[in-house]
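Beneath this line is the structure, given in C-alpha cells, with notes to follow.
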Amino acid sequence: MKLLVAALAGIAIVAVFANVDVVHAASGKTLVVYVGTYTGGTSASKGIYPLRLDLSTGALTEAGTPAESVSPSFLALHPSGRFLYAVNETGGSAKEEGGVSAFAIDARTGGLTFLNRQSSRGGSPCHLALDAKGRHVLVANYGGGSVAVLPVRSSGRLDAATTFVQHEGHSVDSGRQKGPHAHWVDLDTANRHAFVADLGLDQVLVYKYDAAKGGLTPHQPPAARVAPAAGPRHAAFHPGGRHFYVINELSSTVTAFSYDPAAGALSELQTLSTLPAGYAGQSFTAEIAVRPDGRFLYGSNRGHDSIAIFAIDAATGKLTPAGHQSTLGKKPRSFAIDPTGAYLLAANQDSDQVAVFRIDKASGGLTAVGPPVSVPRPVSVVFKPSR
C-alpha cells in the first residue's frame, strides 16, 4: 500500500499498553503498528497493514505489504509478541458466524504469515483479547450476543472454541437493544475474571475464568449495570488494577467503577458526559483508553468527532473533564496510545485516515503531529513493543 498524506480516511485503533516511561520517546526508536481494517464493498483494503511509528518525531510510515484477510477489524497481540490475532467481522446474527484468524510475526521484519482461522461461534465478532499466559483467545460476538474461548497452540495456531456463552435479554432502546450485543471482552490483571461489555443489555458481565481450561462461569454478582439505554461499548482498566472505566455508546457517557480484584466486584463511582456542554448534534462514543501512567483517560466521540480528555484522581479513581481535541477527520471509530504514552493515534473511519497526536505529559492535552495519514478503511491498531 502506498501511504498518502490526506485529510480523509477511516480506521479504528486498539493499542497494546506497556508501563514504559515517556522519556523513551526521545530515543529515536520505532514501533511496528498493525492496522486492522474493513474489506469488501467499496473498500480498497486488503487486510492488516503494517506501519511504523517513529517515537522521536511521531512520523507514521508504511512498513510492508498487507496481510490479506477478510475484514480483520480488531486485533490482539500474543503476550510473547510472536503472534497476532484478528477477528473476521462477518455475519450479522448468531447463525451467521464470523471468525478469528491467527498470524505469525517475523521477529526481524514484523511481517505477518497466516496460520489458520477458526469460527468465532457467532456473527459480527467485534473484539478479542488473550489471557495473560497466551493460552486462550476470548472473542465477543456482536451479532447474537455471545462470547467464545479458543485455545492457542504452542505454534500460535488456534483450535476450535471449547467454551461458548450465549447472553440473554434486552434493554430499553427498541432500535439497538432488542437483544444482547457483546461488544468488548478482556480479563483483569490477575487473569482471574473476564469482563464483557454488552451494549444490548446495558451490562458489563463478569465471569470467573479458568486459566487452565479457558472456562467461563458466571460470577456473583454476575454483572455491573449502567444506566438504561446507555449502551456500554468498550472498557479499560486503570494500570493500578483498582478502577475500571466503561464508555457508553448510546448516551455518550463514561462510567467510572472501583474494582475489588479479590472479589471480582465493580462498584459505580460516577458517570460523566463525553461531549462538551451545549453540544446538540448527534454523536456516539466508540473507544476508551487510559494513559500508561494512569493519570489521564481518553474517549472518542463519533459525530462531534473528537477525543474527550479526563484527568484521573489517583486516590479515588474519579474523573474530571479536561477538554476535547478534534480528531481532524470524521467518525473516530477507535484510537490508540503508544506503549510509551507519548502519542495517541486517532482513527477516523469515515475519512479513511489516521491522525497522530503528541500527548502532553503534564496536562494530558493533545497536539497534532503533521497532517493525517491515509489507510484504506482501518478499524483497529496494535502496537508491537520492542523486545
Side-chain angles (χ1 to χ4, degrees), residues 17 171-173 176-177 183-186 188-189 193 195-206 219 221-280 283-304 306-325 332 334-335 337 341 344 359 362-366:
F17 301 102
S171 193
V172 299
D173 187 316
R176 295 290 305 276
Q177 297 180 316
H183 216 311
W184 174 91
V185 60
D186 208 346
D188 62 7
T189 55
H193 298 97
F195 300 80
V196 183
D198 194 303
L199 182 147
L201 303 182
D202 283 325
Q203 297 179 21
V204 177
L205 291 95
V206 186
H219 185 56
R225 296 181 180 273
V226 295
R233 179 183 173 95
H234 281 195
F237 272 99
H238 189 275
R242 295 279 179 175
H243 296 98
F244 182 79
Y245 303 94
V246 178
I247 197 159
N248 302 303
E249 177 176 340
L250 305 183
S251 63
S252 293
T253 58
V254 59
T255 301
F257 292 87
S258 62
Y259 178 59
D260 182 337
L266 295 169
S267 300
E268 183 176 348
L269 296 172
Q270 65 179 158
T271 295
L272 299 175
S273 175
T274 62
L275 296 169
Y279 179 77
S283 192
F284 302 94
T285 64
E287 190 60 271
I288 187 169
V290 178
R291 204 170 74 177
D293 64 5
R295 294 181 59 192
F296 293 92
L297 178 141
Y298 301 84
S300 64
N301 293 305
R302 296 172 294 171
H304 187 250
S306 65
I307 301 294
I309 306 167
F310 298 89
I312 301 175
D313 186 283
T316 67
K318 287 188 174 183
L319 305 174
T320 300
H324 295 80
Q325 169 63 48
S334 188
F335 64 89
I337 301 171
L344 183 150
I359 303 175
S363 71
L366 305 174

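For the numbers below, each heavy atom of this structure counts, side chains included, while hydrogens, waters and symmetry mates do not. Remember, predicted model here, so these are calculated numbers, not experimental data. When a residue number appears, it is its place in the shown sequence, counting from 1.
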Correct closest heavy-atom pair for Gly241 and Pro261 would be O-CG, 3.8 Å
task: Begin from the C-alpha positions of Phe310 and Tyr245 and carry the test ring-ring contact (aromatic ring centres under 6.0 Å, His included) through to its verdict.
output: CA-CA 11 Å; Phe310 298 89; Tyr245 303 94; 9.1 Å; no
Short side-chain to backbone donor-acceptor contact, His238 and Gly294, under 3.5 Å: yes
Classify the angle between the aromatic ring planes of Tyr259 and Phe237 as parallel (below 30°), tilted (30 to 60°) or perpendicular (above 60°). perpendicular
To the nearest 0.5 Å, atom CD1 of Ile288 lies from atom CH2 of Trp184 at 9.5 Å
Closest non-hydrogen contact found for His304 with Leu275 is CB-CD2, 3.7 Å
Could you give me the CA-CA distance, side-chain angles and deciding distance for Ser300 and Ile307, then say whether side-chain contact (heavy atoms from CB on, under 4.5 Å) is met? CA-CA 5 Å; Ser300 64; Ile307 301 294; 3.9 Å; yes
inquiry  = I'd like to know if the side chain of Asn301 reaches the main chain of Ser283, judged simply by a donor and an acceptor atom lying under 3.5 Å from each other, with no hydrogens or angles considered.
reply    = no
Scanning both residues in full, the closest heavy-atom pair of Ala286 with Pro332 reads CB-O, 3.7 Å
For residues 225-243, the salt bridge (Lys or Arg N to Asp or Glu O under 4.0 Å) pairs (sequence neighbours left out) are Arg233-Glu249
Val246 and Pro232 have their tightest heavy-atom pair at CG1-CB, 3.7 Å
> Do Asp198 side-chain atoms and Gln203 backbone N/O form a donor-acceptor pair below 3.5 Å?
Replying inline: no
Original post:
Taking C-beta and beyond as the side chain, do Leu319 and Ile312 meet within less than 4.5 Å on heavy atoms?
Top reply: yes
I'd like to know if the side chain of His234 reaches the main chain of Gly299, judged simply by a donor and an acceptor atom lying under 3.5 Å from each other, with no hydrogens or angles considered. no
* Between Ser252 and Thr285, is any side-chain donor less than 3.5 angstrom from a side-chain acceptor? -> no
Sub-4.5 Å side-chain heavy-atom contact between Ile247 and Glu287: no
Report the C-alpha separation of Tyr298 and Ile359 in whole Å, then their side-chain angles, then the decisive distance to 0.1 Å, and conclude whether the side-chain contact (heavy atoms from CB on, under 4.5 Å) test is met. CA-CA 11 Å; Tyr298 301 84; Ile359 303 175; 3.4 Å; yes
Taken in chain and number order and not counting sequence neighbours, the residues that satisfy side-chain contact (heavy atoms from CB on, under 4.5 Å) with Ser363 are Asp360
Distance col, row Lys318:NZ vs Ser258:OG, nearest 0.5 angstrom, shows 10.0 Å
task = Compare all side-chain heavy atoms of Thr320 with those of Asp313 and state whether any distance is below 4.5 angstrom.
result = no
Scanning both residues in full, the closest heavy-atom pair of Gln325 with Leu366 reads OE1-O, 3.2 Å
Only residue of Val254, Asn248, Thr255 satisfying side chain to side chain contact (heavy atoms under 4.5 Å, CB included) with Ser251 is Asn248
Heavy atoms of Pro292 and Ile337 approach each other most closely as CD-CG2, 3.9 Å
| request: Would you confirm whether Asp202, through its side chain, and Val226, through its main-chain N or O, come within 3.5 Å as a donor-acceptor pair? | output: no
OG1 (Thr274) and CZ (Arg302) are apart, to the nearest 0.5 Å, by 11.0 Å
Residues 256-270 vs salt bridge (Lys or Arg N to Asp or Glu O under 4.0 Å), sequence neighbours excluded, gives none
Determine, step by step, whether His243 and Val290 satisfy the side-chain contact (heavy atoms from CB on, under 4.5 Å) criterion, reporting the C-alpha distance in whole Å, the side-chain angles of both residues, the deciding distance to 0.1 Å, and the verdict.
-> CA-CA 11 Å; His243 296 98; Val290 178; over 6 Å; no
